[in-house]
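Take a look at the structure below.
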Amino acid sequence: MAFREISGQERVKAMLQSAVRNDSLSHAYLFEGPAGTGRRAMASALAQTLFCPEGKEAGEACGICPDCRKLLHGNHTDLIWIQGEGSSVKIDQIRELQKQFAPRATTRHPRIYVIEEADRLTAQAANALLKFLEEPAGSSIAVLIAENGQALLPTILSRVQRLAFQPLSPAEMERALTAEHLPL
């Protein structure tokens, strides 16, 4: 998914694209807002843009290079998605993430991990994640996705750049549905 394919969230897109072009990305982001606002798509677009050889200069992924195709097919080794198990994100998932992000030979782009439903971290998982955010492994970027950012530990919130996602306006929703050839 490329930034240009995401409906709405123009402010968030512009901020992320500018940060990519200017090499000023944060080491951790919180994408917060209601479900259906494009948070997951935005995380994917950010990763694709960073992995794409043309992405840094253009602020947008090409969508056709090998790195873009790997990401689109869900098998890029430098992108890890974590989803809750049952009703929460558990400490074992964060420990496994830490193992996968253990120092290794440098790559030409940062490694990215995305934690969906980050507002459902168990207390132990939140504390393990906090340690990981305080001491990032090499060149890595964290993207936490949450409906309720306030449910995260204040110390985690202090270490991420918060980006608020808003519901689409009725006009934007109509354009998105029309573009997808879906009934209104």
Side-chain angles (χ1 to χ4, degrees), residues 1-84 89 93 96-98 100-102 104-118 129 132-133 136-147 149 160-168 172 175-177 179-182:
M1 165 91 30
F3 285 122
R4 66 184 163 272
E5 298 171 24
I6 300 171
S7 297
Q9 311 308 333
E10 298 307 318
R11 185 183 64 76
V12 173
K13 277 191 270 190
M15 288 175 64
L16 291 173
Q17 287 177 306
S18 176
V20 168
R21 282 191 298 270
N22 297 321
D23 200 24
S24 61
L25 285 164
S26 173
H27 78 287
Y29 290 94
L30 171 60
F31 291 1
E32 61 183 318
T37 54
R39 299 166 303 159
R40 189 177 205 286
M42 196 72 72
S44 180
L46 175 61
Q48 188 173 349
T49 301
L50 289 173
F51 296 161
C52 179
E54 297 176 18
K56 184 176 185 326
E57 186 176 316
E60 183 78 62
C62 71
I64 57 174
C65 70
D67 278 318
C68 284
R69 287 196 313 266
K70 282 181 194 175
L71 190 126
L72 290 171
H73 291 101
N75 60 5
H76 202 293
T77 58
D78 289 331
L79 174 63
I80 297 172
W81 288 88
I82 296 175
Q83 294 179 307
V89 178
Q93 293 176 279
E96 182 59 30
L97 171 70
Q98 291 169 327
Q100 291 176 334
F101 269 69
R104 65 177 193 163
T106 59
T107 60
R108 67 179 192 276
H109 49 70
R111 299 179 75 204
I112 300 173
Y113 62 95
V114 180
I115 301 176
E116 293 191 61
E117 303 171 312
L129 177 62
F132 201 47
L133 288 172
S139 177
S140 65
I141 296 174
V143 177
L144 310 179
I145 297 175
E147 283 191 44
V160 299
Q161 182 175 344
R162 296 172 76 170
L163 298 176
F165 284 66
Q166 304 299 323
L168 296 178
E172 289 172 322
R175 278 192 297 276
L177 290 172
E180 294 288 326
H181 306 291
L182 295 171

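Keep in mind that the numbers below use all heavy atoms, side chains included, and drop hydrogens, waters and symmetry copies.
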Query raised in the report: Can you tell me how far the CZ atom of Arg40 sits from the CD atom of Gln83, to the nearest 0.5 Å?
Result: 5.5 Å

Query raised in the report: For Leu50 and Pro110, which heavy atoms make the closest approach, and how far apart are they?
Result: CD1-CG, 4.2 Å

Query raised in the report: Sub-3.5 Å donor-acceptor pair from the side chain of Arg21 to the main-chain atoms of Glu57, do we have one?
Result: no

Query raised in the report: What pair of heavy atoms forms the shortest contact from Ala2 to Glu60, and how long is it?
Result: CB-OE2, 2.9 Å

Requested in this report: Working to the nearest 0.5 Å, report the span between CZ of Arg69 and SG of Cys52.
Outcome: 11.0 Å

Query - Side chains of Leu72 and Gln48 in contact at under 4.5 Å (non-hydrogen atoms) - result: yes

Query raised in the report: Does a side-chain heavy-atom distance below 4.5 Å link Glu147 with Arg39?
Result: yes

Requested in this report: Hey, could you give me the CD/OG distance between Gln100 and Ser140, rounded to the nearest 0.5 Å?
Outcome: 13.0 Å

Requested in this report: Kindly indicate whether the side chain of Leu129, heavy atoms from C-beta on, has any atom under 4.5 Å from the side chain of Val89.
Outcome: no

Query raised in the report: Are any non-hydrogen side-chain atoms of Met42 and Phe3 less than 4.5 angstrom apart?
Result: yes

Query raised in the report: Does the pair Leu25 and Leu46 meet the rule for a side chain to side chain contact (heavy atoms under 4.5 Å, CB included), with working shown?
Result: CA-CA 10 Å; Leu25 285 164; Leu46 175 61; 4.1 Å; yes

Requested in this report: Would you please test Ser26 and Val160 for side chain to side chain contact (heavy atoms under 4.5 Å, CB included) and show each step?
Outcome: CA-CA 8 Å; Ser26 173; Val160 299; over 6 Å; no

Report summary line: To the nearest 0.5 Å, atom CZ of Arg111 lies from atom CG of Leu79 at 10.0 Å

Query - Separation between CD of Gln161 and CZ of Phe31, rounded to the nearest 0.5 Å - result: 9.0 Å

Report task. Grab the two heavy atoms, one from Val143 and one from Ala43, that are nearest each other, plus how far apart they are. Result -> CG1-CB, 3.9 Å

**Report entry** Sidechain-backbone polar pair: Glu116 side chain, Trp81 backbone, donor-acceptor under 3.5 Å
**Finding:** no

Query raised in the report: What are the two closest non-hydrogen atoms of Ser7 and Leu168, and how far apart are they?
Result: O-CD2, 3.5 Å

Query raised in the report: What pair of heavy atoms forms the shortest contact from Gly55 to Val20, and how long is it?
Result: O-CG1, 3.9 Å

Query raised in the report: Relative to the ring of Tyr113, is the ring of Phe101 parallel (under 30°), tilted (30 to 60°) or perpendicular (over 60°)?
Result: perpendicular

Requested in this report: With the side chain counted from C-beta on, respond yes when Gln166 and Arg11 share a heavy-atom pair under 4.5 Å apart, and no when they do not.
Outcome: no

Query raised in the report: Just wondering, do Ile145 and Phe165 contact through their side chains at under 4.5 Å, heavy atoms?
Result: no

Query - Expected output: side-chain Gln9 to main-chain Thr37 donor-acceptor under 3.5 Å - result: yes

Query raised in the report: From Leu144 CG over to Leu30 CG, what is the distance, rounded to the nearest 0.5 angstrom?
Result: 6.0 Å

Query raised in the report: Can you find a pair of side-chain heavy atoms, one from Ile112 and one from Asp78, that are under 4.5 Å apart?
Result: no

Query raised in the report: Where do Leu133 and Ala142 come nearest, in terms of heavy atoms and distance?
Result: CD2-CB, 3.9 Å

**Report entry** Leu16 vs Leu163 side-chain heavy atoms within contact, under 4.5 Å
**Finding:** yes

Query raised in the report: What pairs with Ala14 under side chain to side chain contact (heavy atoms under 4.5 Å, CB included), at least two apart in sequence or on another chain?
Result: none

